[in-house]
There are 2 protein chains.
Amino acid sequence: MSKPQRMPISALKVAERAGVSRSAVSRTFTEGASVSPATRLKVLKAAEELGYHVNHLARGLIRHQSGIVCLIVADINTPHQSFFLEATTRHLQATGKVVMVLNTSGEQHTIENALRQTLNYRADATVVMSGRPSRSLVETCIHNGQRVITINRDDLPEGTEQIIVDNDEASKEAFLMLERAGCKNLAVISSTAGSPSILARENFFMEAAVKAGVPARLCRVGPTNYQTGITAARQILAGSNRPDGVFCVTDLLALGFMDAAKRDFSLHIPQDLCIIGFDDIQQASWQAYELTSFRQPLEEIAQTIATSLQDNTSLPPQLKFPLQTVWRRSVRP
Amino acid sequence: MSKPQRMPISALKVAERAGVSRSAVSRTFTEGASVSPATRLKVLKAAEELGYHVNHLARGLIRHQSGIVCLIVADINTPHQSFFLEATTRHLQATGKVVMVLNTSGEQHTIENALRQTLNYRADATVVMSGRPSRSLVETCIHNGQRVITINRDDLPEGTEQIIVDNDEASKEAFLMLERAGCKNLAVISSTAGSPSILARENFFMEAAVKAGVPARLCRVGPTNYQTGITAARQILAGSNRPDGVFCVTDLLALGFMDAAKRDFSLHIPQDLCIIGFDDIQQASWQAYELTSFRQPLEEIAQTIATSLQDNTSLPPQLKFPLQTVWRRSVRP
DNA sequence: CTGAAAGCGCTTACAG
DNA sequence: CTGAAAGCGCTTACAG
């Protein structure tokens, strides 16, 4: 007790103290193994006294199931991503998994490294939220018996389980909302990121607009963040042909756009300008904004992933979730 | 090639294909082991062809170093926490570690479970950002040769390496700033969370106020979030004895307070009311707020943790980082 | 129900 | 530089 032991204690030590075989201690810690109540008690007592904890590294080694799921994600510090991360870790933990987060900058080599780690640690599954992993590496994951689940990207190889959100539907709906509000001159504020989701939102909105014969322009002046929203507003609102209805491909863009519209151009929302965002991040509901937006069903997605991993039953090749439109005050009713 | 292999391939297979011993393949993948260029090349080639990846579970088992560091954190979806998470994962990965995030709700049993996982996976270290882990479990971690690093909590057992931020200094400075701005009637908006950081901020501000003889009251009407800021404002600004200077223990509280002050009470900031936040989250700099605040040196903290883990040299028992005051427009100069 | 034994995939002295 | 062997801490048929 007085001299701290440097090494974790092993099942063998517990067995010795409890006066049973190492098999017995193994059994008392594995779900549904057959141990008599008496020996189980002895083992539990000894384990408690010694501070024993099953070594999941060793267990994973022989069971070929590490219990680890890797999350490959970029921009963790962004509201939407951090919400998803929170939901995913919570649900996965509830089913006994543990999540390893691999932070990628979106550059090719960092995401390759992330994929490599997922392989190194023999993760049961990897969830890809960012980046464009090389086809070959993803294939290696799958060949290794690992499941790979992707969120909002449809550009990945066969064998991958894809979860997507109905960007199509929502973007058309956004157009309709603006049209109903009487907007005659539209703009979609996007970013230069070019991810599948972003592209889909741009495309479906623009398409709906041309189909209806309403003029709409597309604006991409930087990465997907608040500042780009500001820059876009300054650029697009300064011209003579000012839009009166704006669809932002992301709430962060919308919030920046609103701030610039109000402060730099003294525009009133929704009277002078209607605006719609996407993702329904927390800040969208703040009193300074009250942005109408589309909510991604993050809880449901995380839940789906967790139970699918728990039951070890694979998802359909492509699973599409609906978005929920959240009406607030940035669009005239 | 056509029939996908379910199991990851092992070093033995690589050795066979390369025509060397398994030791040789092990050596080519361990830093600084002695292998001739020739055999290394053969091994690398075979590994590439087979899609081999060292099993870190097995490696961790024999090296007694998993390469994993656990982050125990609550409220991941909060701006401040998600920034810290981003910085930490990034820096740790850069030094070859991988981070496992354990999402705790702040309830006792969830944090105990998290601590247990950190033990199960034989993490090299655990970084505690939330909750009040039981003394005994933390001691078990340390007994097991694991390092435990805490952020902004000074209430943990011996052997723990504590990183804190100079709440003392900053809170006093906050008072001084408000005093210099001519505020005569102060309030500190806090929460019911009662974490060491929050308590420290309250206390040092209040202390400075009474010492200077300026009236100040303390308001705690809910958890540490935006909504509580709103509630606090509605409560405190409605009375006859309205404060003209407010210190919010967190930016999120401040942002909620500002929104309510502006919208529900038509107050102008900083003319009618000066307000100071804490943490300097991204939203504090948004045009709708321009909140003056204190920045936590998250990058430096993450960096410090990473290099300390890399060099395997322990931190001083208590390491204190200064805060940087970020002037914006919510306080009269 | 229980224990002795084999084996998971690796690394590291130990000889050569 | 290289290989055969021992061992990390576990689990799981296999007998009893």
Rounding to a whole Å, what distance do you find between K13(A):NZ and dC8(D):C1'? 12 Å
Between R147(A) and S308(A), do the side chains contain a donor N or O and an acceptor N or O under 3.5 Å apart? yes
How about L57(A) and S66(B): do any of their side-chain heavy atoms sit closer than 4.5 Å? yes
Sorted by first residue and then second, give each ring-ring contact (aromatic ring centres under 6.0 Å, His included) pair with at least one member in residues 60-100 of chain B; sequence neighbours left out. none
Taking the side chain from E299(A) and the backbone from A87(A), do they hold a donor-acceptor pair closer than 3.5 Å? no
Keeping N120(A) on the side-chain end and V54(B) on the backbone end, is there a donor-acceptor pair under 3.5 Å? yes
Classify S36(A) by what it touches in the nucleic acid, base, sugar-phosphate, or nothing, heavy-atom distance under 4.0 Å. sugar-phosphate
Side chain N103(B), main chain E86(A), donor-acceptor under 3.5 Å: yes
Once you measure the plane-to-plane angle for H56(B) and Y121(A), does it fall in the parallel (<30°), tilted (30-60°) or perpendicular (>60°) bin? perpendicular
Can you confirm whether T28(B) sits close enough to K42(B) that some side-chain heavy atom of one is under 4.5 Å from a side-chain heavy atom of the other? no
Ignoring backbone atoms, test whether S34(A) places a side-chain nitrogen or oxygen under 4.0 Å from the OP1 or OP2 oxygen of dT2(C). no
Can you tell me which stems involve DNA chain C, if a stem is defined as three or more consecutive Watson-Crick or G-U wobble pairs, both distances under 3.5 Å? C:1-3 with D:14-16, C:5-12 with D:5-12, C:14-16 with D:1-3
Per-nucleotide protein contact along nucleotides 9-16 of chain D, 5' to 3', at a 4.0 Å heavy-atom cut-off (B base, S sugar-phosphate only, - neither), is BBBBB---
